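Below is one structure, written out as structure tokens, with a few remarks after it.
Note that ligands are numbered from 1 as they come in the structure, with each ligand's atoms numbered from 1 the same way. Fair warning: this is a prediction, and the values are worked out from it, not measured in the lab.
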Amino acid sequence: MKHRILQVGCGGISNSWLKIFANRKNIEIVGLVDINKNAAYNKKNEYNLECEIFDNLNTAIKATIPDIVIDNTIPEAHRNVVITALESGCHVFGEKPLADTFENAAEMVKKANDTQKSYFVVQNRRYLKHIRAYKNIIESGAIGDLGYLTANFHLGPHFGGFRDAMDSPLILDMSIHTFDQARLISGSDPISVYCHEFNPPGSWYNGSASACCIFEMTGNMVFSYNGSWCAVGNETSWQSEWRAMGSLGTAIWDGENSPFYEKAIKKEGDNSRREFERITPEYEYNSEEGHAGCINDMLRAVEENREAETDCKDNIKSFAMVMAAIKSSKEGRKVYMREIC
Ligand SMILES: NC(=O)c1ccc[n+]([C@@H]2O[C@H](COP(=O)([O-])OP(=O)(O)OC[C@H]3O[C@@H](n4cnc5c(N)ncnc54)[C@H](O)[C@@H]3O)[C@@H](O)[C@H]2O)c1
């Protein structure tokens with residue numbers, strides 16, 4: 001099956017998509033759209049594309065009749081791009097976050113349902129062999145019942161652009177990755193959150209670039225998150241660094257290298273349990289990683305007429321964690337997911 005693709009938004013992240021599409025025989029890029037036409041022309045030249053350039057999505061859809069619209073615009077534009085594309089009979093593969101507000105997200109999910117078209121959201125940090133091995137440790141019961149999962153995310157990128165002006169750049173633009181990873185790793189969904197956002201000394205962002213969150217999750221589990229986008233020195237991985245505590249042991253993943261877990265070695269007549277064995281898990285994930293892995297899943301889902309792993313109906317649960325965290329931070333109290341969903 002050959003897919004006719006219309007790419008909307010030709011900024012930084014569009015390179016991650018266009019590079020992948022350039023190597024696929026089953027992809028035809030039929031148009032590039034950007035409100036800044038020069039950005040679209042630059043991508044056309046960079047990737048040697050023979051396609052038309054537009055600054056209006058409706059016009060572009062009418063002229064090119066795509067099957068799939070790729071939404072690589074900024075979060076505030078996602079609602080209009082996705083609704084327009086779905087109403088025009090196209091599937092949408094979009095960049096995270098699903099939307100900029102929960103109301104918009106709910107409307108987009110409903111529109112996908114009503115039009116019987118797919119809206120899949122990229123969560124590239126799920127499609128990694130190490131996180132799949134880490135998830136398998138927990139899913140297999142190797143560390144017993146999971147009671148506590150924690151993630152540290154400390155980086156200091158100087159992006160400039162839309163992130164520097166956002167009220168909640170870390171939580172709205174980045175923590176969606178970590179929150180979505182927490183759902184994948186634990187197999188749990190959120191119940192409530194308490195979040196404290198702040199902007200520490202030395203931050204170059206206008207909004208709150210740091211946050212601490214405590215989520216109550218299903219399965220009697222707690223997930224905590226400490227994050228900063230203005231950390232100077234000793235940076236963590238973009239995948240966060242993780243500790244999962246189970247009733248029988250602890251699993252660690254630094255976000256970059258192979259995860260492992262430790263269990264107590266029980267000795268005859270000795271109940272002190274002070275010695276531990278360290279075990280590296282088996283690997284089962286053999287696919288491409290990151291954007292390529294997620295895009296493969298989305299294309300196969302369209303071809304097989306099924307939902308991708310990151311279908312908007314599931315991804316909205318990760319997005320709800322973001323929105324509930326922002327509400328909690330604004331109102332200075334614990335927020336239940338049912339208050340926003
Ligand atoms: N998955 C990841 O790891 C990852 C990494 C970076 C960015 N992102 C996401 O990708 C999206 C884009 O981020 P970016 O860094 O490429 O931003 P960017 O500012 O570099 O590019 C956005 C582009 O969209 C265009 N645009 C804005 N509104 C538009 C509209 N209504 N119609 C058409 N074009 C429009 C802008 O002119 C710009 O060229 C964001 O949602 C961001 O969160 C994801």
Side-chain angles (χ1 to χ4, degrees), residues 6-20 31-47 52-61 64 66 69-85 88 90 92-101 104-105 108 119-128 131 153 155 157-181 184 205 207 229 237-240 255 289-295 297-298 308-310 312 315 318-319 322:
L6 182 66
Q7 168 91 30
V8 190
C10 297
I13 201 64
S14 69
N15 293 303
S16 298
W17 294 73
L18 291 169
K19 260 184 221 153
I20 292 163
L32 295 173
V33 186
D34 201 298
I35 46 172
N36 169 9
K37 263 189 163 179
N38 280 339
Y41 276 116
N42 289 342
K43 294 301 161 206
K44 178 177 167 157
N45 292 336
E46 213 174 308
Y47 292 92
E52 290 182 70
I53 300 294
F54 304 89
D55 58 9
N56 178 284
L57 178 56
N58 271 309
T59 313
I61 290 176
T64 62
V69 166
I70 307 298
D71 178 12
N72 283 179
T73 62
I74 57 173
E76 290 73 17
H78 289 182
R79 183 228 167 249
N80 286 355
V81 169
V82 172
I83 298 272
T84 302
S88 307
C90 305
V92 183
F93 300 174
E95 263 303 341
K96 47 60 57 177
L98 194 157
D100 58 338
T101 67
N104 284 346
M108 291 150 89
Y119 173 32
F120 303 146
V121 182
V122 145
Q123 294 289 175
N124 44 308
R125 296 178 200 284
R126 281 183 166 236
Y127 290 84
L128 299 167
I131 197 170
F153 176 94
L155 283 151
H158 287 259
F159 295 112
F162 71 90
R163 294 176 185 85
D164 284 8
M166 291 168 102
D167 287 343
S168 300
L170 177 76
I171 292 291
L172 185 58
D173 193 54
M174 186 62 215
S175 74
I176 181 71
H177 282 298
T178 316
F179 296 173
D180 185 66
Q181 287 174 299
L184 174 77
Y205 297 80
W229 237 354
S237 158
W238 281 86
Q239 275 71 246
S240 296
E289 295 195 293
H291 270 81
C294 192
I295 289 170
D297 184 34
M298 298 193 294
E309 192 175 302
T310 58
C312 59
N315 192 252
S318 301
F319 186 65
V322 171

Original post:
Got an N/O contact under 3.5 Å between N36 and ligand 1?
Top reply: no
Original post:
For ligand 1, is any non-hydrogen atom under 4.0 Å from N72's backbone (N, CA, C, O), its side chain (CB onward), both, or neither?
Top reply: backbone
Original post:
Which protein heavy atom lies closest to atom 20 (O) of ligand 1, and at what distance to 0.1 Å?
Top reply: G12 N, 3.0 Å
**OP:** Identify, for atom 41 (O) of ligand 1, the protein heavy atom at the shortest distance, and state residue, atom and that distance.
**Re:** K96 O, 2.9 Å
Subject >> Closest protein heavy atom to atom 4 (C) of ligand 1, given as residue, atom name and distance to 0.1 Å >> reply: I13 CD1, 3.5 Å
Original post:
Taking heavy atoms and a distance under 4.0 Å, where does D55 meet ligand 1: side chain, backbone, both or neither?
Top reply: neither
Subject >> Taking atom 17 (O) of ligand 1 as the reference point, the nearest protein heavy atom with its distance >> reply: F162 CE2, 3.4 Å
Subject >> Identity and distance of the protein heavy atom lying nearest atom 29 (C) of ligand 1 >> reply: T73 CG2, 3.7 Å
**OP:** Look at atom 21 (O) of ligand 1 and say which protein heavy atom is nearest, naming residue and atom and giving the distance to 0.1 Å.
**Re:** G11 CA, 3.3 Å
Original post:
Once the angle between the rings of W17 and F93 is folded into 0 to 90°, is it parallel (under 30°), tilted (30 to 60°) or perpendicular (over 60°)?
Top reply: tilted
**OP:** Of the side chain and backbone of N124, name the one, both, or neither that has a heavy atom under 4.0 Å from an atom of ligand 1.
**Re:** side chain
Original post:
So which of H291, Q123, E95 gets nearest to atom 44 (C) of ligand 1, if we judge by its closest heavy atom?
Top reply: E95
Subject >> Closest approach of any protein heavy atom to atom 36 (C) of ligand 1, naming residue and atom >> reply: D34 OD1, 3.4 Å
Original post:
When rounded to the nearest 0.5 angstrom, what distance separates OH in Y127 from CD1 in I295?
Top reply: 10.5 Å
Original post:
Under the side chain to side chain donor-acceptor pair (under 3.5 Å) rule, what pairs show up with a residue in residues 160-173, not counting sequence neighbours?
Top reply: K96-D173, R163-D173, S168-E197
Original post:
Is the shortest side-chain N to carboxylate O distance from D180 to R125 below 4.0 Å?
Top reply: no
Original post:
Which residues pass the side chain to side chain contact (heavy atoms under 4.5 Å, CB included) test with N36, sequence neighbours left out?
Top reply: D34, N38, A39
Original post:
For ligand 1, which part of R163 has a heavy atom less than 4.0 Å away: the side chain, the backbone, both, or neither?
Top reply: side chain
**OP:** State, to 0.1 Å, how close W229 and P169 come at their nearest heavy-atom pair, and which atoms those are.
**Re:** CZ3-O, 3.4 Å
